[in-house]
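For reference, the structure is listed below as structure tokens.
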Amino acid sequence: MWCNREQSETHTSWSTRAGPRRPPGPSPRSCSGRAPACHPARPVGSRRQTGSVRSRPVILHLDLDAFFTAVEQLHKPSLRGKPVVVGGVGGRGVVSTASYEARAFGVHSAMPTAEARRRCPHAAYLSPRFEAYRDASVRVMDLARAVTPLLEQVSIDEAYLDLTPAHPDATVESVTALVEDLRAGIHAATGLTASVGAGTSKLVAKIHSDLAKPDGLLVVPPGTEAERLAPMSVRAIPGVGPATAARLTAHGVGTVGRLAALDLGEAVALLGKAHGTQLHAFAHGVDDREVVTERAAKSVSAETTFPTDVTDRVTLGRHVRELTARVGRRLRADGLSGRTVVLKVRRHDFSTLTRSTTLDQPTDDDAAVVRHAERLLAGLDVSNGLRLIGVGVSGLSLYTQPDLLDGLLDETLAPVRTTAEDFDRPDAGGADDPDPSPDVELVDTSGPPTGRPTWRPGQDVQHAEHGRGWVQGSGVGRVTVRFEGPGTPVGRVRTFADDDPDLVATDPPRWPAQDDHITDDY
DNA sequence: TCTGGGGTCCTAGGACCC
DNA sequence: TCTGGGGTCCTAGGACCC
């Protein structure tokens with residue numbers, strides 16, 4: 001339970017503000033007003049349980065403040081306290097992140113860099129250095145995972161944490177103390193500041209991490225969600241962008257409260273079935289989305305915007321090959337292949353077209369992707385010039401079917417294709433899995449073309465970074481391993497080059513049957 | 001001011017099958 | 001001869017998020 005009896009009986013505000021590191025700036029915003037008593041232990045469905053006690057979810061949303069520019073300011077002290085802008089620095093660039101010093105001049109994300117330079121000519125304009133950001137992100141997320149392994153990273157600088165199982169007796173005070181410890185730990189270890197919203201759902205946590213920025217914490221007591229949301233603009237709801245807001249405003253709906261007052265039918269008529277239903281629930285403070293620790297990729301793509309529009313098909317073909325090479329590298333690095341090849345172009349007038357084609361078999365082969373992408377490009381009129389071209393692959397599966405092997409396979413080794421989802425669902429192979437045997441694509445590993453190690457499915461292995469696991473599938477030049485931990489979440493599937501020196505056989509095989517071994521121990 | 005790059009999800013129409 | 005409905009897959013576009 002979330003409630004603190006004293007507080008719930010005295011109707012005091014449960015809000016909590018940032019710790020002492022908050023820089024000078026806008027005055028602290030707090031959860032103002034009197035909160036009603038929380039509902040004592042009202043069950044919220046059966047999905048979250050710890051032992052026999054059901055508790056209201058305790059969800060955090062952690063968001064690093066002005067992340068890219070903060071990393072740059074840490075790495076280069078001369079930038080501290082000054083306006084810094086990270087983004088595309090070319091003629092058609094846009095701002096990824098503006099430091100708070102730059103925001104004071106009206107610079108913000110997604111603004112064309114040209115406009116930002118006009119508003120703040122003396123700022124430092126930097127191209128993004130994703131490697132540095134990834135390093136910092138990993139350090140922060142590791143600290144957060146020490147609080148709970150139920151962490152869903154939604155972007156390089158954002159994550160949801162579910163504290164429910166680990167803290168079934170959470171109170172506003174205990175959540176506040178825990179989060180302030182985490183924020184202090186992040187700052188001490190990395191120099192970065194994180195803002196956090198805490199509440200009974202992702203929605204409430206997310207909205208309030210935004211309101212807590214920069215370097216703040218807002219804890220929303222259970223039971224106060226709807227009334228807190230009601231006066232907010234509909235734009236505060238994640239999923240309401242410019243188009244949806246305009247549509248709502250045209251019908252006199254500008255606040256969350258007005259949206260909540262609509263009939264469900266009206267909301268659906270206005271916004272469509274899925275969107276209308278979800279936003280209507282959100283407006284009532286209802287959000288049952290779970291924190292999901294692992295998610296299978298659905299597509300891989302790469303695109304580029306030209307400095308000036310391009311009409312020359314030879315040039316376009318060269319870009320298609322380069323973009324495909326980037327996509328292919330990432331597919332192979334993750335052991336993925338896809339069935340649908342997508343070509344995307346943006347024309348001189350900023351209109352965007354996509355053309356796609358679906359193959360009989362998934363592929364991760366550059367030549368195959370290029371062939372189809374070029375065919376799609378050939379069907380488009382480019383005479384007025386393109387400003388962007390992109391290549392993508394979707395319909396992903398975890399395993400490649402190498403064309404090379406077509407002739408080698410005999411009927412008993414006929415490949416069985418499985419989707420990434422089959423392997424990434426959290427209970428795969430677990431006690432509740434109706435079919436714990438891995439549905440692995442079998443490929444002939446008896447006669448690889450080189451002297452590299454040959455792995456057979458079921459073999460036990462160890463990997464320096466990921467811990468212990470067993471071989472789940474093998475392909476030409478690569479091996480796919482399911483891990484048991486530690487170091488990697490239970491059930492995690494990873495693919496490696498089969499001569500990866502960090503991949504070591506454990507000998508003799510002594511691995512227990514996997515359905516005895518995988519448990520959901522959260 | 002003139003709009004990046006990487007994604008996710010939804011909708012809608014048409015083909016096709018039963 | 002005229003005409004079903006449901007389900008699935010594919011394609012294209014659009015909104016949205018960071």
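Sequence lines set the chain letters: A, B, ... in the order given, protein chains first and strands last, and positions in each chain run from 1.
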First of A/Ser299 and A/Ala110 reached from the 5' end of DNA chain B, by closest nucleotide: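 With A/Ser299 and A/Ala110 compared, the 5'-side residue is A/Ala110.
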5' priority, DNA chain B, between A/Val300 and A/Gly88 [closest heavy atom]: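 By nearest-heavy-atom nucleotide position, the 5'-most residue is A/Gly88.
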Is the number of heavy atoms from other residues, nucleotides or ligands within 6.0 Å of [atom1] ([X]) greater than 12?
{"X": "A/His251", "atom1": "NE2", "answer": "no"}
{"X": "A/Arg258", "atom1": "CZ", "answer": "no"}
{"X": "A/Arg247", "atom1": "CZ", "answer": "no"}

Roughly how many Å is it from [atom1] in [X] to [atom2] in [N], rounded to a whole number?
{"X": "A/Ile156", "N": "B/dG5", "atom1": "CD1", "atom2": "C1'", "answer": "13 Å"}
{"X": "A/Tyr133", "N": "B/dG4", "atom1": "OH", "atom2": "C1'", "answer": "14 Å"}
{"X": "A/His372", "N": "C/dT11", "atom1": "NE2", "atom2": "P", "answer": "11 Å"}
{"X": "A/Asp309", "N": "B/dG4", "atom1": "CG", "atom2": "C1'", "answer": "15 Å"}
{"X": "A/Met111", "N": "C/dC18", "atom1": "CE", "atom2": "C1'", "answer": "17 Å"}

Hey, what are the protein-to-nucleotides 12-15 of chain B N/O distances that come in under 3.5 Å?
none

Classify the side-chain pair [X]/[Y] by whether it contains a donor and acceptor separated by less than 3.5 Å.
{"X": "A/Glu225", "Y": "A/Ser201", "answer": "no"}
{"X": "A/Asp65", "Y": "A/Ser195", "answer": "yes"}
{"X": "A/Thr352", "Y": "A/Arg346", "answer": "yes"}
{"X": "A/Asp162", "Y": "A/Thr164", "answer": "yes"}

A/Gln153 side chain to A/Glu294 backbone, donor-acceptor under 3.5 Å: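 No, A/Gln153 side chain to A/Glu294 backbone: no donor-acceptor pair under 3.5 Å.
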Short side-chain to backbone donor-acceptor contact, A/Glu158 and A/Asp63, under 3.5 Å: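 No, A/Glu158 side chain to A/Asp63 backbone: no donor-acceptor pair under 3.5 Å.
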Near-strand residues of residues 343-359 of chain A, defined as heavy-atom separation under 4.0 angstrom from DNA chain C: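 Here the set is A/Leu353, A/Thr354, A/Arg355, A/Ser356, A/Thr357, A/Thr358.
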Any residue of residues 113-131 of chain A with a heavy atom less than 4.0 Å from an atom of DNA chain C: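 Contacting residues: none.
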A/Lys273 vs B/dC10: side-chain N/O to OP1/OP2 distance below 4.0 Å: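 A/Lys273 to B/dC10 OP1/OP2: no side-chain N or O under 4.0 Å.
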Phosphate-side-chain proximity, A/Arg326 and B/dG6, N/O vs OP1/OP2 below 4.0 Å: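 A/Arg326 to B/dG6 OP1/OP2: side-chain N or O found under 4.0 Å.
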Closest heavy-atom contact between [X] and [Y]?
{"X": "A/His280", "Y": "A/Leu262", "value": "NE2-O, 2.7 Å"}
{"X": "A/Ser137", "Y": "A/Ile156", "value": "OG-O, 2.7 Å"}
{"X": "A/Leu150", "Y": "A/Thr293", "value": "CA-CG2, 3.8 Å"}

Touch class at under 4.0 angstrom, heavy-atom based, for A/Val95 against every strand present: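 The residue A/Val95 makes no contact with any strand.
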Sugar-phosphate only, base, or nothing, as touched by A/Ser109 at under 4.0 Å among non-hydrogen atoms: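 It contacts nothing in the nucleic acid.
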Spacing of the P atoms in B/dT3 and C/dC18 (rounded, Å):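 Straight-line distance between the two P atoms is 23 Å.
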Sorted by number, the residues of residues 376-391 of chain A with heavy-atom contact under 4.0 Å to DNA chain B: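 A/Arg387, A/Leu388 - these, ordered by number, are the residues of the stretch whose heavy atoms sit under 4.0 Å from the strand.
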For DNA chain B, the dot-bracket pattern of Watson-Crick and G-U pairs whose distances stay under 3.5 Å, | for other-strand partners: ....||||||||||||||
A/Thr357 and A/Thr340: CA distance, side-chain angles, deciding distance, side-chain contact (heavy atoms from CB on, under 4.5 Å) verdict: CA-CA 6 Å; A/Thr357 182; A/Thr340 302; over 6 Å; no
Audit row: A/Tyr160, A/Glu290, side-chain hydrogen bond (donor to acceptor under 3.5 Å, both in side chains) steps and yes/no: CA-CA 10 Å; A/Tyr160 291 100; A/Glu290 303 232 18; over 6 Å; no
For A/Glu152, side-chain hydrogen bond (donor to acceptor under 3.5 Å, both in side chains) partners two or more places apart: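 side-chain hydrogen bond (donor to acceptor under 3.5 Å, both in side chains) check on A/Glu152 returns A/Lys202, A/Arg295.
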Steps toward salt bridge (charged side-chain N to carboxylate O under 4.0 Å, His left out) verdict (A/Glu322, A/Arg318): CA-CA 6 Å; A/Glu322 287 172 6; A/Arg318 181 167 51 80; 3.7 Å; yes
